[in-house]
Amino acid sequence: MNNETLLILSLLITYSTVLILFKLLQEQGLYLWTIIATIAANIEVLIVIHAFGMEMTLGNILFASTFLVTDIASETCGKQIAQKTVALGIVTSILFVAVTQSWLLYQPADSDWAAPAIRQIFSNTPRMMLTSLLVYAFVQALDVWLYHAWWDYTKKHFGNSSRFLWLRNNGSTLISQFVNAVLFTCGAFWGMYDTQTLVSIAASSYMIFIITSLADTPFVYAARKIANNHHIGIHTPKASYQ
């Protein structure tokens, strides 16, 4: 199975898993996935593959799924729950970095075989870790703010808060992912590569984010239907879309 097929399957399985957890555990399922995706993406991002004519790191789909989580939370449970998922992702990232870096302080025994691989995987530069954490915190908060800003705009101008889900979903995620691609590329690689290379890295990252962002829209619609059918969050049959 080639990398392209694996990536497509990974996207479908990942987004479907978010929906299943939401249906089974409601907002607790969104919290659970945020923790899983944050930890796994921090490891998976170290793997570089070639797919769709470009080199890319893994972790993009898992990272994109955290935006799906915040959009589902915003749409079905409200702004406070969405902000909690962002806070949970930030705390998870901080604890993950702290725990993995503490492993590197130990002196392995002569019989140890895992330490060299562990050190190679988790000896990321402080700059890379700090950039990743700060950018994650900022763009996730921006995504939640934009989602509700678009929601207020469409409700004010069209008088129906249930319409234009596609606009608030894509209007928030595509903008925040663009900011993410620019800030992370500059923060992590400025001074290491020339301007042309930085632009290329940011552009290729954003191309991936465009695809993953557009692909999550049907899943947000499905999540809202689940919320309505199962009386989850703010969307009971008599509730308005706030």
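Heavy atoms only: backbone and side chains are in, while hydrogens, waters and symmetry mates are out.
- Looking at Ser10, its side chain never comes within 3.5 Å of a backbone N or O of Leu6 through a donor-acceptor pair.
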Show your working on side chain to side chain contact (heavy atoms under 4.5 Å, CB included) between Cys77 and Phe22 and close with a plain yes or no.
-> CA-CA 11 Å; Cys77 300; Phe22 177 61; 4.2 Å; yes
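- Phe52 CZ: more than 12 foreign heavy atoms inside a 6.0 Å radius.
- A donor-acceptor contact shorter than 3.5 Å is absent between the side chain of Ser16 and the backbone of Ile13.
- Taking hydrophobic clusters as Ile, Leu, Val, Met, Phe, Trp and Tyr residues chained together by side-chain heavy-atom distances below 4.5 Å, Phe138 shares a cluster with Val182.
- Looking only at side-chain heavy atoms (C-beta outward), Leu167 and Trp151 stay at 4.5 Å or farther from each other.
- Using a distance-only test at 3.5 Å, with no hydrogens or angles considered, a donor-acceptor pair links the side chain of Gln101 to the main chain of Phe122.
- For Tyr147 and Glu75, the side-chain atoms include at least one donor-acceptor pair closer than 3.5 Å.
- Looking at Leu9 and Met1, their side chains come closer than 4.5 Å, going by heavy atoms from C-beta outward.
- Listed by chain and number, the residues in a ring-ring contact (aromatic ring centres under 6.0 Å, His included) with Phe209 amount to none (sequence neighbours excluded).
- For Asp71 and Ser74, the side-chain atoms include no donor-acceptor pair closer than 3.5 Å.
- Note: Phe63 and Tyr136 have tilted aromatic rings, judged against thresholds of 30 and 60 degrees for the angle between ring planes.
- Side-chain atoms of Thr85 come within 3.5 Å of backbone atoms of Ala82 as a donor-acceptor pair (strictly under, hydrogens ignored).
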